[in-house]
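A short write-up of the structure that comes next.
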Amino acid sequence: MEHTGPKSIEAFSTAQQYIPGGVNSPARAFGAVGGNPPVISHGRGAHLFDLDGNEYIDYVCSWGPLVFGHAHPRVVQAVQEACLLGTSFGAPTQAETALARQIVQMVPSVEMVRMVNSGTEATMSAVRVARGFTGRDKILKFEGCWHGHGDSFLIKAGSSALTLGAPDSPGIPQAIAALSITVPYNDLSAVQEALRQNPGQIAAIIVEPVAGNMGTVPPRAGFLQQLRQLADQDGCVLIFDEVITGFRLSAGGAQEYFGVTPDMTCLGKIVGGGLPVGAYGGKRQIMEQVSPLGKKISQAGTLSGNPLAMKAGLVQLQMLSEPGVYARLEQLSQNLEAGMAENLKKLGLRYTLNRVGSMLCMFFTETQVVDYATACTADTARFRRFFWELLKRGVYMAPSQFECLFPSAVHSDGDVERTLRAHYEALKAIH
Ligand SMILES: *Cc1c(COP(=O)(O)O)cnc(C)c1O
């Protein structure tokens with residue numbers, strides 16, 4: 001059943017000899033769905049091609065960054081022009097200022113911003129800065145949110161509100177786990193309780209304003225507003241991890257979409273136009289404590305602000321600032337959602353569909369999905385069969401139930417139509 005061609009199988013087996021699991025990021029190994037991943041040769045627009053010549057409509061889009069699809073001519077041109085002038089200097093360039101200014105103009109909470117090379121670096125650095133700024137050590141985060149692979153984030157909740165967090169991976173000291181408190185997403189009373197139990201000790205609340213790493217889970221009405229209030233009362237820093245939602249839900253990200261302004265914001269994915277970029281920023285008063293300024297909170301990077309990456313990110317953000325882009329993303333995503341709902345109805349199925357803008361997920365459960373526990377009611381074995389039935393029909397979605405579909409602004413109406421036909425047939429095939 002696992003549909004992959006002989007060239008992909010051979011290439012992936014070679015990769016496994018030299019790279020752990022054959023991949024540089026574990027989800028690519030298809031562990032959640034089994035089978036051999038297609039090995040990619042190239043992408044064009046909304047379409048992806050593997051070594052065996054199979055073509056797919058791509059809803060992964062590099063896990064979010066490619067909001068204008070693969071190899072967009074304007075992004076390609078920006079990178080080509082930049083690399084002719086030199087690939088890295090480790091000295092100031094105007095390209096850095098141009099992207100920083102663009103981010104400050106687009107994202108409400110960001111008055112100053114520091115570039116890094118990944119979303120992980122952005123969240124790790126933001127937490128360091130929040131700790132340095134407040135002089136407090138603990139952080140509060142939410143179950144099912146993903147903030148990259150920093151030690152402080154790979155911590156699962158203790159068995160009760162009173163037990164310490166536990167490392168989620170070998171290699172993370174219990175002493176670090178003890179500083180991360182994890183509560184259920186959308187659960188304000190758990191947040192209040194955690195703040196009460198740790199008075200004056202929590203440096204930051206970090207949250208995905210729309211959770212995009214347990215499928216798609218929207219914040220309950222008032223959830224983000226209440227977090228804002230609770231953080232103010234407690235004196236901790238409210239960090240929105242907008243690595244997915246930034247520049248996706250609106251030009252100003254989820255904070256503009258929901259009208260709630262955090263103290264700090266983490267960016268990644270879209271901000272780099274498909275090159276490795278992350279960024280963190282926020283209130284001037286906080287960012288002015290980052291080295292070489294103020295309290296000199298340490299954070300550095302040899303390749304940070306890389307000119308190729310800055311140019312790719314800038315052109316993509318400029319394209320997002322042009323009229324009609326978010327309306328197009330919304331319309332496409334709405335059509336996908338409506339079509340999927342219709343397919344489910346035709347087949348007499350009642351699976352949960354969650355969508356916020358161009359973040360979309362069909363959960364194989366009839367339970368309303370509002371947090372990690374409810375997301376886990378999904379039938380992952382059925383997802384796995386569905387995934388392969390879809391892939392066989394030329395639709396490439398993330399190889400896990402707990403990921404979003406990311407339609408791009410260059411998916412055509414024809415792509416959506418083909419996707420919905422495949423969606424219907426794949427569902428039919430597994431029921
Ligand atoms: C992807 C992601 C990260 C990590 O970004 P990397 O570039 O993979 O390090 C952090 N936070 C969220 C919400 C993400 O989706």
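Whatever order the structure lists ligands and atoms in, that order sets their numbers, starting from 1. Treat the numbers as computed from the prediction; the structure is a model and nothing was measured.
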Can you list everything that forms a side-chain contact (heavy atoms from CB on, under 4.5 Å) with Ser8? Sequence neighbours excluded, please.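 So Ser8 forms a side-chain contact (heavy atoms from CB on, under 4.5 Å) with Thr4, Asn36, Pro38, Val39, Asp50, Leu51, Asp52.
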Output all residues satisfying side-chain contact (heavy atoms from CB on, under 4.5 Å) with Glu366, sequence neighbours left out; order by chain, then residue number.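 Glu366: side-chain contact (heavy atoms from CB on, under 4.5 Å) contacts with Arg350.
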Looking at the rings of Tyr56 and Phe49, which for Trp means the six-membered one, are their centres under 6.0 Å apart?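 Ring centres of Phe49 and Tyr56 not closer than 6.0 Å.
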What pairs of donor and acceptor atoms, side-chain ones from residues 260-281 against any protein atom, are under 3.5 angstrom apart with sequence neighbours left out?
from   : atom 1 : to     : atom 2 : distance (Å)
Asp263 : OD1    : Arg228 : NH1    : 3.2
Asp263 : OD1    : Arg228 : NH2    : 3.3
Asp263 : OD1    : Lys283 : NZ     : 2.5
Asp263 : OD2    : Arg228 : NH2    : 3.0
Asp263 : OD2    : Leu238 : N      : 2.8
Thr265 : OG1    : Ser109 : OG     : 2.6
Thr265 : OG1    : Gln255 : NE2    : 3.0
Tyr280 : OH     : Gln299 : OE1    : 2.8

Is a donor on one side and an acceptor on the other found under 3.5 Å between the side chain of Asn186 and the backbone of Arg220?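 Here the side-chain-to-backbone pair exists.
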Do Asn335 and Ser333 have a side chain donor and acceptor closer than 3.5 Å?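 Distance-only check fails for Asn335 and Ser333.
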Who are the residue neighbours of ligand 1 when the rule is a heavy atom under 4.0 Å from any of its atoms?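 Within 4.0 Å of ligand 1, protein side: Ser118, Gly119, Thr120, Trp146, His147, Gly148, Glu208, Asn213, Asp241, Val243, Ile244, Lys269.
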